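Bear in mind the structure is a predicted one, so any value in this text is a computation, not a measurement. Every chain is numbered from 1, with letters handed out A, B, ... down the list of sequences.
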There are 2 protein chains.
Amino acid sequence: MSQRITINDVASAAGVSRQTVSRALNDKGEIDGDTKQRVLDAAKELGYRPSRFARGLVRPDTTSIGLVIPDLLNPFFTEVAAAALEAARAKGWHVVVYDTADSVDEELSTLQVIGSQVDAVVGYFNLSETQLDQHTHGIPVVLIGREHHATRFSSIRIEGAQGVRSAVDHLVAAGHRRIGMLDHAHAEPSDKHQWFCDAMNAHGLSPDKVAGAVQSVDGGADALTRLLKAQPDVTAIFTFNDIIAIGALRAARRSGRDLAVIGFDGLQLGTVVDPALTTVALDTRKIGALAVEQAARLMAGDEPLSGEDLVVQAVLLLRESA
Amino acid sequence: MSQRITINDVASAAGVSRQTVSRALNDKGEIDGDTKQRVLDAAKELGYRPSRFARGLVRPDTTSIGLVIPDLLNPFFTEVAAAALEAARAKGWHVVVYDTADSVDEELSTLQVIGSQVDAVVGYFNLSETQLDQHTHGIPVVLIGREHHATRFSSIRIEGAQGVRSAVDHLVAAGHRRIGMLDHAHAEPSDKHQWFCDAMNAHGLSPDKVAGAVQSVDGGADALTRLLKAQPDVTAIFTFNDIIAIGALRAARRSGRDLAVIGFDGLQLGTVVDPALTTVALDTRKIGALAVEQAARLMAGDEPLSGEDLVVQAVLLLRESA
DNA sequence: AACGCTCCCGTGAACGTTCACGGCGTGGCG
DNA sequence: CGCCACGCCGTGAACGTTCACGGGAGCGTT
């Protein structure tokens with residue numbers, strides 16, 4: 001029936017041996033021109049396709065890593081993914097991409113199947129470390145934006161306190177005193193909110209004008225109008241991410257208000273809106289490259305990067321919106 | 001030295017046989033609880049990691065496809081990729097993503113290495129079919145937005161004439177007569193330019209107001225100012241893609257001009273700008289899903305999709321910019 | 001004529017895992 | 001006591017390819 005066509009089938013069809021077929025297909029030399037052509041014809045005729053597994057077994061020269069992303073359509077993750085892809089290509093690696101839709105179930109089912117396909121995993125997870133450990137079949141794991149404990153794991157740390165501080169400094173220097181924030185809509189406040197509070201306190205300002213926003217453009221617009229209704233005297237805002245900031249920007253312009261806006265992420269996207277978005281930027285290329293580099297060290301058993309080498313600093317990126 | 005740790009190493013370390021180790025690691029049953037734990041400990045101790053090749057050889061149950069994209073940072077391709085990822089996940093497939101940076105060299109080097117890693121290839125190529133045939137090691141290939149000839153290949157066709165026609169109809173109905181176009185900057189005009197000309201001619205309008213634009217926001221802004229300088233009486237424009245359209249929109253607003261703009265692609269991104277971009281939309285989800293489905297049929301040897309089932313129709317998507 | 005070299009080509013072995021089978025001990029039942 | 005069933009474990013074989021080696025034919029040189 002639908003048996004697989006092996007190199008032996010091609011060999012007997014062409015009247016030669018395995019090895020000769022192998023030589024013909026891999027441009028090895030030590031083969032006559034005519035025989036080579038005959039073998040190639042036979043292979044095409046039979047629809048022969050070498051088994052990547054058998055080849056990988058005997059010549060284990062290709063490594064591939066899994067890249068786990070919560071939502072590829074979110075431009076931030078797209079940028080990280082593109083950076084990781086580029087870094088991996090430079091090493092000659094293959095990257096298998098998984099989109100978990102920010103769901104723990106999807107993460108689990110991804111992990112289930114990932115172990116037997118890749119040599120290391122890099123990305124974003126909501127799963128607990130215990131669960132990661134359990135389902136990951138012993139391969140190296142690099143967590144982005146999250147702490148780790150087991151030695152098999154490693155993590156890229158995102159450090160934003162200074163960047164947010166600069167943003168608030170900038171707003172204060174421009175004369176703003178009543179500065180609000182649009183945080184995410186989850187139950188517990190984000191890291192960014194904490195950084196914002198610290199920065200405000202350092203200026204003796206009270207960080208009490210906060211609203212939660214769904215992570216979308218409309219969510220940002222919505223949250224801004226709510227915040228403005230409750231706190232009409234706000235003159236500037238800082239947001240959880242650029243997407244929300246863009247929504248806020250739109251809402252402000254539509255209501256004819258002059259409002260300074262600073263986002264977070266540093267997306268390219270921020271340059272297409274008008275005014276271009278001032279933002280606390282993360283170097284997504286660095287994040288991707290670091291993650292891949294760290295995976296490389298973990299796999300090779302080299303001294304892994306650590307401490308300061310593994311943190312990505314957020315920095316204020318001045319454009320037009322503040 | 002840096003020899004690979006095999007199942008046999010674990011076996012002798014735990015004082016059992018291969019098979020028992022295999023059972024322990026795969027939750028197979030037929031194994032004592034204590035022995036299982038001992039094996040697991042030994043495996044962790046040694047840092048054992050099963051070879052995906054050996055496993056794949058004996059149990060060939062996982063299929064994976066290659067997705068080749070010219071530029072992941074271009075939101076259009078991101079959307080296609082996300083759709084393909086989703087469709088593949090539904091089938092339990094793995095997707096290896098390659099970004100070729102729109103370069104023929106990168107396409108070649110990608111192909112070089114792709115054959116031994118995936119069971120089918122889906123995506124965008126500039127390479128000639130002969131070259132594809134040569135470097136693709138006999139695996140099925142699905143070309144997006146491009147014709148094919150060999151039977152091993154298949155292609156998803158993008159049909160935009162009607163959509164562009166609707167766009168021009170819409171502009172004409174709104175009273176516009178002097179309608180320009182911002183095409184891409186390549187030597188030969190694009191398909192979209194042809195469609196545009198046909199639509200204009202159908203209205204007895206002359207499609208002579210055309211400028212070439214680099215595919216970026218700035219490129220679009222730039223091209224628009226050039227076009228407006230040469231043709232000051234233009235009241236509406238159609239663009240090669242949404243990115244260019246967004247640039248044009250910005251340039252128009254900054255110069256205080258009231259200009260109707262219609263883009264092409266239907267990106268989500270078009271909703272974040274203000275005014276939201278009216279555009280001739282392509283169903284990226286359908287493109288991705290179709291490509292994966294077709295790859296599935298090719299691999300299974302089933303009757304492949306053909307004719308009308310393989311075309312994606314562009315349709316006018318009215319938002320605010322026209 | 002013997003030797004060596006080059007050009008082709010074929011044969012065992014190995015890669016690391018799982019499958020199919022068989023075996024051994026223990027306990028229960030007739 | 002004999003038999004079978006069951007739980008646990010080990011041994012050959014197989015998956016499909018490449019590597020290392022060996023060998024024969026043809027030709028030129030000594």
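Within 6.0 Å of CD on Q268(B) lie no more than 12 heavy atoms contributed by other residues, nucleotides or ligands.
Regarding contacts with the backbone of dC8(D), every side-chain N or O of T35(B) stays at 4.0 angstrom or more from both OP1 and OP2. Residue T20(A) has a polar side-chain atom (N or O) positioned under 4.0 Å from OP1 or OP2 of dG10(C). In this structure, N8(B) does not reach the dG16(C) phosphate: none of its side-chain N or O atoms is under 4.0 Å from OP1 or OP2. Contact check, S17(B) against dG10(D): a side-chain N or O comes under 4.0 Å of OP1 or OP2. Side-chain nitrogen and oxygen atoms of S22(B) include at least one within less than 4.0 Å of the OP1 or OP2 phosphate oxygen of dT18(C).
Closest to the R18(A) side chain, of the nucleotides dT11(C), dC9(D), dG16(D), is dT11(C). Side-chain atoms of P50(A) lie closest to dT17(D) of the nucleotides dC9(D), dT17(C), dT17(D). Listed candidates were dC9(C), dT17(D), dG10(D). Nearest to the side chain of Q19(B) is dG10(D). Taking the side chain of A54(B) as heavy atoms from C-beta on, and the options dG10(D), dC8(D), dT17(C), the nearest nucleotide is dT17(C). Closest approach to the D32(B) side chain among dC9(D), dG10(D), dG16(C) is made by dC9(D) (side chain taken as heavy atoms from C-beta onward). Proximity note for S51(B) (side chain, C-beta onward) versus dC9(C), dT17(C), dC19(C): the nearest is dT17(C).
With rounding to whole Å, D34(B) atom CG is found 12 Å from dC8(D) atom C1'. Separating the CZ atom of F53(A) from the P atom of dG16(D) is a distance of 12 Å, rounded to the nearest angstrom. The CD1-P distance, from I5(B) to dG16(C), rounds to 11 Å in whole Å. For D9(B) and dT17(C), the CG to C1' distance is 13 Å, given to the nearest whole Å. What separates CG of L57(B) from P of dG16(C) is a distance of 12 Å, to the nearest Å. When rounded to the nearest whole Å, the span between CZ of R55(B) and C1' of dA14(D) equals 17 Å. Rounding to whole angstrom units, CD of residue E30(B) and C1' of dC19(C) are separated by 12 Å.
One cannot find a donor-acceptor pair under 3.5 Å joining the base of dG16(C) and the side-chain atoms of R49(B). A donor and an acceptor atom never sit less than 3.5 Å apart when one is taken from the side chain of R52(A) and the other from the base of dG16(D).
Of the charged side-chain nitrogens involved, none lies within less than 4.0 Å of a carboxylate oxygen, so that E30(B) and K28(B) do not count as a salt-bridged pair. By the 4.0 Å N-to-carboxylate-O rule, R89(A) lies close enough to E106(B) to be salt-bridged with it.
Residue-level contact check: K36(B) touches neither bases nor backbone, having no heavy atom under 4.0 Å from any strand.
Within the 4.5 Å cutoff, side-chain heavy atoms of L127(A) are placed close to those of L108(A). Side chains of I144(A) and F77(A) form no contact here, defined as non-hydrogen atoms less than 4.5 Å apart.
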